[in-house]
Amino acid sequence: MFKSIRWRFITIYLLLIFLAMSIIGFYLTNQLEKIQLDSITQSMKGHISSILASSTALQSKDWANQAEDIREMVEKNVQIGYDENLYIIINTDDKRIIASSISSVVSLSAFESNRINNLLVLEALKGEIVETITSVSYDGVTEKIKHMAYPVKNNDGIIEGIIYLTYKLDAVYAIVEDTTFMLTRATILALFVTVILGFFLANSITGPIKDVTRKASEMSKGNFDQSVEVMSNDEIGQLAIMFNFLTQELKKNISKVYQEKSKMETTFNYMADGVITFNLDGSMIHANPVARKILDIDETLEIDGEKLLSGIDYQLSLMVLKEYHYTGRTMVNINDYIYNINYAPFRNEVDEIGGVIFVIQDITEQQKLENMRKEFVANVSHELKTPITTIKSYTETLLEGDIDSKETVQSFLKVINNESERMSRLVGDLLRLSRIEYNQTDWNKVIINPCEVLVEVLEKFSLVISEKNQTVAFESVDEHIDVLFDKDGLEQVFQNIISNAVKYTPEEGFIKINCYKNENNAIVCIKDNGIGISDEHRGRIFDRFYRVDQARSRDNGGTGLGLAIVKRILEAHHATIEVDSVVDEGTEFRIIIPTVHRGEEYA
Ligand code: ADP
């Protein structure tokens with residue numbers, strides 16, 4: 001209970017009021033008592049003086065002889081109050097009481113009466129007025145009495161006797177008691193009022209604090225739409241203003257952090273690279289979908305980072321990475337894909353290394369391209385090396401001048417010429433291919449009938465075909481087939497395929513060519529009954545420099561680029577090519593070109 005500010009407030013107020021009232025009460029009653037007693041002392045002194053002044057007998061030198069007069073004067077003339085008692089004590093050896101307001105004590109020695117304080121009597125006989133207060137208890141009641149002994153001197157300065165006056169202090173202490181009682185009641189009332197006022201005052205302070213605490217607790221649950229009412233401009237009001245300001249700032253900052261987090265998460269989720277982070281103890285903090293897919297991570301299972309990483313490559317184990325300060329790059333192979341893994345440490349809130357972040361890049365394609373590039377350079381070098389070597393050796397022989405025979409010189413020059421042509425063809429094909437691949441060819445697309453182009457190309461081969469005694473059957477059903485194609489490009493396509501059919505079909509072979517329209521496509525089939533292509537090679541014949549039989553192709557003047565060029569030209573015109581082949585039975589190439597209706601090309 002006393003942990004709450006409210007009760008502490010009330011307790012402190014209570015103690016303060018209690019302390020203040022106690023001090024005031026103590027001081028007040030003390031002062032009251034003193035004033036009352038002083039007044040009684042004065043009144044007693046005055047009474048004694050008036051008795052003394054009114055009696056000649058008391059003023060005489062000889063109280064022993066005047067004793068009777070004195071007693072009479074006391075009994076008849078002296079006014080004695082209800083609370084008072086008067087004793088006239090003569091200064092004899094036994095200090096006899098010669099007159100008193102209590103007749104029973106007259107003639108007794110002062111030392112015999114318990115109503116008279118003996119010590120006070122002896123003290124007064126030294127010549128000074130003395131006084132004291134005594135307490136007398138009877139029947140359980142304590143009664144306080146004030147005693148005053150007044151020495152009376154004769155003309156010779158000898159103490160004749162003592163006027164002894166007592167005064168009951170009941171009334172005085174009754175007043176003091178009443179006052180104390182009254183103050184106690186006032187104190188209780190003040191304490192009661194203090195509790196009530198303290199309650200309200202404490203509430204006015206703790207209320208806003210409680211409000212702030214309640215709102216802060218709401219905020220800790222993530223609800224930042226909190227504000228407290230500013231009810232004053234004092235410290236509590238300032239606290240409320242500050243709280244509202246802090247809430248707003250916190251809300252802004254948290255929303256910024258959320259935005260950043262969401263941006264980061266979206267970036268992580270949609271980035272092409274895999275990102276995965278681990279604590280130094282190997283527990284996984286985060287993995288984006290790409291990383292999960294690459295590393296085949298089941299979201300529901302707990303991941304042992306150390307096991308996962310060392311499973312990919314021992315070099316990636318956190319223990320090994322520690323040696324390199326968790327920074328570096330490694331190339332790994334996972335499920336036939338090549339990945340480049342970059343890793344770096346990230347720091348925690350106390351600026352120590354908190355974990356490691358791994359960025360996994362799929363470089364399989366890049367690697368393939370790199371390999372293709374290397375292969376291409378090797379192929380080109382290889383293709384050029386043979387004709388260059390041949391030309392060089394024949395030229396050297398000719399230059400030596402040892403050959404007399406004109407025919408031999410002629411045949412040498414023919415070889416040099418053939419090899420130069422081969423190089424020229426190769427370079428020409430390469431240039432064409434690279435132009436197409438780098439989109440540098442300006443296709444002049446026009447509406448043409450592929451069957452008509454086919455007829456023109458076939459004519460160019462008529463001589464070779466007749467030399468090889470091959471039979472060509474050309475069949476074209478539809479007269480009107482329109483395709484949007486670059487004429488030179490289409491000629492090149494047919495030329496390469498027909499030239500292959502002629503080349504890879506033995507003498508007296510048969511070549512069948514069909515050109516027709518099927519739904520929205522123009523189909524051109526070029527079928528031969530030549531050597532055919534086995535299944536293992538069929539998928540690769542469109543690759544650059546790919547030749548099923550190197551020697552045979554070279555003998556036939558092939559560069560290994562013909563079908564690669566065909567494929568690129570067809571792709572540039574949204575056309576496709578299919579191939580069916582059976583070894584030793586023949587090959588069929590089917591070219592499929594989308595047809596157009598006249599006028600559509602400008603749509
Ligand atoms: P090449 O200049 O060697 O003919 P191509 O790219 O035109 O190069 O053809 C690639 C390879 O495909 C050829 O080397 C050959 O082995 C094979 N090929 C192409 N057409 C035929 C065909 N009609 N019959 C058999 N093999 C063929």
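Residue numbers count from 1 along this sequence. Just so you know, ligand 1 is whichever comes first in the structure, and atom 1 is the first atom listed for that ligand. Worth saying up front: this structure is predicted, and the values here are computed from it rather than measured.
Note: Met372 CE to Asp543 CG = 7.5 Å, rounded to the nearest 0.5 Å.
Crowding of Asn469 atom CG: a count of heavy atoms from other residues, nucleotides or ligands under 6.0 Å exceeding 12.
Legend: side-chain hydrogen bond (donor to acceptor under 3.5 Å, both in side chains) pairs involving residues 237-255, not counting sequence neighbours, sorted by first then second residue: Asp225-Lys251, Asn233-Gln238, Glu249-Lys252.
Using a 30° and 60° split on the angle between ring planes, Phe589 and Phe542 fall in the perpendicular class, above 60°.
Around ligand 1 you find Asn500, Ala501, Lys503, Tyr504, Asp528, Ile531, Gly532, Ile533, Ile541, Tyr546, Arg547, Val548, Ser553, Gly558, Thr559, Gly560, Leu561, Gly562, Leu563, Thr587, Phe589, each with a heavy-atom distance below 4.0 Å.
Checked by atom type and distance alone, the side chain of Asn279 never pairs as donor or acceptor with a backbone atom of Asp281 at under 3.5 Å.
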For this session: Just do the salt bridge (Lys or Arg N to Asp or Glu O under 4.0 Å) check on Lys392 and Glu396 with the steps written out, would you?
Result: CA-CA 6 Å; Lys392 195 168 177 270; Glu396 277 170 4; 3.1 Å; yes

